[in-house]
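What follows is a short report on a single structure.
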Amino acid sequence: MPLNEYNPSEIEGKWYKKWLESALFTPDPENEKEPFVVVMPPPNVTGSLHIGHALNMTLQDVSVRYKRMRGFNTLWLPGFDHAGIATQWVVTKQLEEKGINKFELGREKFVEKVWEWVPVARNTIKKQIETIGASCDWTRQRFTLDEGFARAVREAFSKLYKEGLIFKAPYIVNWDPKDRTAISDLEVEYKEEKGNLWYIRYPVVDDSGKETGDYIVVATTRPETMLGDTAVAVHPEDKRYKQLIGKRVKLPLAPEKRTTWDGKEVSNLIPVIADDYVDPEYGTGAVKITPAHDPNDFEVGQRHNLPMVIVMDESAVMNENAGRYRGLDRYEARKKIVEDLEKSGLLEKVEEIIHNVGHSQRSGAVVEPYLSVQWFVNTKELSKDAIKVVEEGEIRFIPENWKKTYLNWMYEIRDWCISRQIWWGHRIPVWECKDCGHYNVFSDDIYESIPQKVIFNMYGDTRIGQIFSFQEVKNYLYGQNFNQPDKTNLQFYEKFVFNTQIDQLKDEENLKEFLNKNYIKVPVMNPEGIEEEEKIGFVPHTVFFLYANGFIGKTFDENDVFDAYQKNKNMIRFIYDTVLNGIKKEDILEDKEKLKKWLFDHAYGNCKNGRIFFTEMQERFSIIEDHIRETKYYINLKCEKCHSHNLKQEDDVLDTWFSSALWPFGTLGWPEKTKDLWSFYPTSLLVTGFDIIFFWVARMIMMGMHFMKEKPFGDVYIHALVRDEKGEKMSKTKGNVIDPLDMVEKYGADSLRFTLAALAAQGRDIRLSEKRIEGYKHFANKIWNASKFVLSNFENNRGKVFKDLSALRLSYDDKWILTRLQEVIKSSVKAIEEYRYNDYANGLYDFFWHEYCDWYLEFSKERIYKGTDEEKAAALSTLIYVLDRSMKMLHPVMPFITEEIWQKLPFKDADYLPVAPYPEVDNRLIFEEEKQLIEDLKEMIVSIRNVRADFGIEPSRKLNVYIKPSDQRFMSVIQAMEPSIKLLAKIENLEVSEGMERPPNTVVAVSKKAESYIDIAGTIDIEKELKRQEKILKDIQKSISISEKKLSNENFIKKAPSHVVEKEKSFYEELKQKEEKVKKIIESLREVQTS
RNA sequence: GGGCGGUUAGCUCAGCUGGCCAGAGCACCUCCCUUACAAGGAGGGGGUCAUAGGUUCGAAUCCUAUACCGCCCA
């Protein structure tokens, strides 16, 4: 069936579905073929993909599709990033628009809202990725906050903690006062801003604290932080201040007593200390030291053991340490303080300066260096192997210059602050014991059985609490999974998390039994409808709880109850605090005598101590059982140190990048030793942008080396940033993103992909213009129409087309295009393997358009329309052959149009193009001589066309042309190709002979292998022709002189490589011949002129 | 302040380890609706490759310096 007009939207929709149905992108880990693995950088679930993602996806897909066609067992694993702060930000905004405040909503409800949003964003993005044609394996789709990742994160955290590589410490962090969270160094953006440098006098005091009248002047850009000063530092060798070292100064404006972060009192008389850190040349040579609000000062403070005074709260509002400035915003306080200093004559001067101010990448707020207690990863330790593997070239950066960037950063890596004071993310798996203060870091290692691990993971995930109901567990386990909508969460656990069947949780009965057996039951009473005197209080509930869970037996006395209570006091208190906080606690249980009495009164009045029977008990307590609303279960977590149940999990969540750092192995099943992990780790290639080399790439390498003892990937291709037409960075937060779907709609995914690949030269930013995409749509159209031509002729000549070209009588042009094809196959492979996507795309563009279409197709027409069967067979078979290879080569970059066309071709060697073999060079189809002859023929045709244009002869006018070839060989080519030549050069009559003399009134076109005499049918303007030829001669002679200069240079002959010299020589010869020819023409023209 | 990169045609950019008098797309000019394609065809104009030195037989390509632009880190 012939093709209609090219309409991308008609053909792009259908193929993707078919590919997925045929599972072309789902590799088998047991396959013996060499693997090629790429993990997709997971897009954030914040909105939709921008053009930068499209570039990222396209480049990955080109490499992945290419490798798949080369026969690799190819896996491209897709997924999504929960993107902590970014996603929380998006949802917060959405809620604010509805007038909902997240703090009023509360953590649990807020996180629910985020979970509602995530699939919305996820599905949009997924659809975009599909629309672009990414050949990734959706059956392995993952999420950085899915069940498996939650487990992997806890495992990683716990291991690192136990190895001493994670610690909690007070430290200066970058504090975002708007979002009220710490952020990492990398999340701070510095911008140059105008500011002031205030010079402030600190009065020197004597031993008794009285001002001596001297001052020491310090300079600061942030005067409000002076309230937190605990020293003034000078350089130890600075003569100006030497005598002041050890003395004290009085901190102006500060209250007499301030309190350090850990509750100690600090006076407003602060010491002058000596430290090398101070640059005596800079400012006044004296520096105020604010250890709690400046990173450098913090270090000075550590060295000198200075107290640390925090003067602001989490929102950057001045706190009680600020005395009379308390309650003011930091900038109001700054203003006020400057005013007050001025009034009291303590402000020496003000200088205007330009300085770098740190802003939060996310919220834009000015970052406040702030002392707080945070969790850190000791990256110095982890960086060792991560440095080695890059230094030794085991991991390769492309382009290579990123290696240096990476290493420089790694050499000076700082501890990584991983705690974030937000709600959306992996909650830090640390449970602080409220009784002994011990930090318990739990992973599911504390359980033996898989079902228990599952429940623990659900708990650690905060999907269920430490106290949970059957219903909650059931709903979750049997509910739809986020990654794999056709699976339940339990099935996801089985397949992706534990890699095993979990029968004990499979149906409700088993599940209930499992819970009853393994967890402490907490009866939750229904207080309504109970008579006042029977209302369940703390004591009866506790006794029942102890009884129901077997802490005391069927028979018991006050000793049993007392002991059991004492043993489980923390747990009971915890449970009561959590689920029964309406009930008043009583101290009866703490006192054996009271307890005895109570038991006697309430439970077993007429029975003897220790011998009450169950039935009687039940009679009394039936009232309680009647009022059990439901039974909850309690996860029996205990402090490792004091066994208290009074544990509280950290509220903070982990930096998103902590989980994405595990991406290359977490997605493959780690910490389980799965087949996927075994077969597909380490991965082969990572394609990403340079903006996340530190955030992500470096951390994946560190974590990969640490946990897998092996690099996470071999090659790291760093692509350019796609900028908008103004050259500005597109970013999620700026909102200047371009929706690639618009481009797809207008120009088709193939055109968009081709554009991105063609622009992806290594090392430079891409400034994308829509024009460019439009241009490449024209290319797609060209492919379409050329194919239409080939296919329709094939339809009309089915029997005359052959797969094997060796049996055919190939003509010069067949051999030429086949030779060119081999060369292009070779260069395309080289380009793609070296990640020169632009060369790959442009190489194919040129070949297909300017050789296959512009020349070969045109050459072939004569034989197709008028040739013998034998000639038709050769031409059509070659056309089909080259088209087939071209579609294969173009497929990685233009998957849809190539599939559409290829499916219509004969001799298919696969069901679908994504799994068809990439073309290999066939040495039998290389014909050097014929290739050269056709190149010469092309030049001859162009020279004739040039004459037409120069003389303004319309293409419709056919000319008579006489050709004098320079040798016999070329003459036979002309004869063989005569009809085509006539067609291409629009010639009416063509005469060829070696002894051809220029007929009168003809214009001459000189080419390498021929002189063509063109009868332009009319008297020629001799003047004009002379001028034209003289110009040609001049150009030739200019080249000759350059060439002569080279060849006459002894050193060139001696030192240049021989092939260069040879080339130059033959080039010179050619020029000389041409010069000769042109000279003769000019001569004859002159003769005509004078006669 | 430290580091990295850029400066090539009017615009957007290629040009890999130095080797045919520098290329593409778009834009521009001329001619053409020739049965695959006007989303096309044929032809054309346009650059002392930022500047100044240097290395070399040979430099857009390597080195040094300068200017301007951009990015990253502190």
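These numbers were taken from a predicted model, which means no experiment stands behind them. Chain letters run A, B, ... following the sequence lines, proteins first and then strands; every chain starts at 1.
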(request) Indicate for each nucleotide in nucleotides 23-36 of chain B, in 5' to 3' sequence, whether protein heavy atoms under 4.0 Å reach the base (B), only the sugar-phosphate (S), or nothing (-). (result) --SS----SS-B-B
(request) For a side-chain hydrogen bond (donor to acceptor under 3.5 Å, both in side chains) with A:S63, tell me which candidate from A:Y837, A:Y717, A:Y835 qualifies. (result) A:Y837
(request) Please determine, for the side chain of A:Y6, which listed nucleotide (B:A74, B:A14, B:A39) has the closest atom? (result) B:A39
(request) Using whole Å, report how far CG of A:L983 lies from P of B:G41. (result) 16 Å
(request) Could you state the atom-to-atom distance from CG of A:D750 to P of B:A39 in whole Å? (result) 20 Å
(request) For B:C13 versus B:G3, give the span between their P atoms, rounded off to a whole number of Å. (result) 27 Å
(message) Using atom P in both nucleotides, what's the gap between B:C4 and B:G40 to the nearest angstrom?
(response) 44 Å
(message) If I take atom NZ in residue A:K1074 and atom P in nucleotide B:C21, what distance separates them, rounded to the nearest angstrom?
(response) 14 Å
(request) Nearest-nucleotide wise, let me know which of A:F694 and A:P8 is further upstream toward the 5' end of RNA chain B. (result) A:P8
(request) Using the C1' atom as the reference point in each nucleotide, state the distance between B:A39 and B:C33 in Å, no decimals. (result) 14 Å
(message) Rounded to whole Å, how long is the line connecting atom CZ of A:F690 with atom P of B:C73?
(response) 10 Å
(request) Return the nucleotide paired to B:G53: Watson-Crick means purine N1 to pyrimidine N3 with N6-O4 or O6-N4, wobble means G-U with N1-O2 and O6-N3, both under 3.5 Å. (result) B:C63
(message) For B:G25, give the paired nucleotide (Watson-Crick: N1-N3 plus N6-O4 or O6-N4; G-U: N1-O2 and O6-N3; both under 3.5 Å), or none.
(response) B:C11
(message) Taking B:G5 as the reference, what is the distance to B:G43 when you measure between their P atoms (whole Å, please)?
(response) 41 Å
(message) Could you tell me how far B:U30 sits from B:U35 if I compare only their C1' atoms? Round to whole Å.
(response) 26 Å
(request) Measure from the side chain of A:N838, starting at C-beta and using heavy atoms only, and say which of B:G15, B:G3, B:G43 lies closest. (result) B:G15
(request) Just compare B:G43, B:G40, B:A74 and give me whichever is closest to any side-chain atom of A:W849. (result) B:G40
(request) Give the nucleotide from the list B:C37, B:A74, B:C20 with an atom nearest to the side chain of A:N781. (result) B:C37
(request) Mind telling me whether A:Y6 and A:W784 have parallel, tilted or perpendicular rings, with 30° and 60° as the class edges? (result) tilted
(request) Using the closest heavy atom to pick a nucleotide of RNA chain B for each, name whichever of A:N7 or A:R836 lands nearer the 5' end. (result) A:R836
(request) Report, as yes or no, whether the 6.0 Å neighbourhood of atom CD on A:E412 holds more than 12 heavy atoms from other residues, nucleotides or ligands. (result) no
(request) Quote, to the nearest angstrom, the P distance that separates B:A50 from B:C11. (result) 14 Å
(request) For B:G15 versus B:G47, give the span between their C1' atoms, rounded off to a whole number of Å. (result) 14 Å
(message) Can you tell me the base-pairing partner of B:C68? Count Watson-Crick or G-U wobble geometry only, both distances below 3.5 Å, and say none if there is no partner.
(response) B:G6
(request) Taking the side chain as every heavy atom from C-beta outward, state whether A:F397 and A:D715 have any pair of such atoms under 4.5 Å apart. (result) no
(message) Taking 4.0 Å as the cut-off, does a side-chain nitrogen or oxygen of A:W409 come that near to OP1 or OP2 on B:G2?
(response) no
(message) Say we look at B:C62 and B:U56: how far apart would their C1' atoms be, to the nearest angstrom?
(response) 10 Å
(message) Check this for me: does any side-chain nitrogen of one of A:E935 and A:K931 sit under 4.0 Å from a carboxylate oxygen of the other?
(response) no
(message) My understanding is that a pair needs two contacts under 3.5 Å, Watson-Crick or G-U wobble. By that rule, which nucleotide pairs with B:G40?
(response) B:C32
(message) Any non-hydrogen side-chain atom of A:T379 less than 4.5 Å from a side-chain atom of A:M702?
(response) yes
(request) To the nearest Å, give me how far apart CD1 (A:I773) and P (B:C11) are. (result) 21 Å
(request) Rounded off to whole Å, could you give me the CG-to-C1' distance for the A:N408 and B:A74 pair? (result) 13 Å
(request) Run the ring-centre check on A:W402 versus A:Y406 and record whether the distance is less than 6.0 Å. (result) no
(message) Out of the candidates A:L959, A:V961, A:V1003, only one should pair with A:V947 under the side chain to side chain contact (heavy atoms under 4.5 Å, CB included) rule; please name it.
(response) A:V1003
(request) Could you tell me the separation between the NZ atom of A:K830 and the P atom of B:C16, rounded to a whole number of Å? (result) 12 Å
(request) Check the distance between B:C37's C1' and A:L791's CG and give it to me in whole angstrom. (result) 14 Å
(message) Do A:L879 and A:Y852 make a side-chain contact, defined as non-hydrogen atoms from C-beta onward lying under 4.5 Å apart?
(response) yes
(request) Hunt down the Watson-Crick or G-U wobble partner of B:U17, both distances under 3.5 Å, from any strand shown, or write none. (result) none
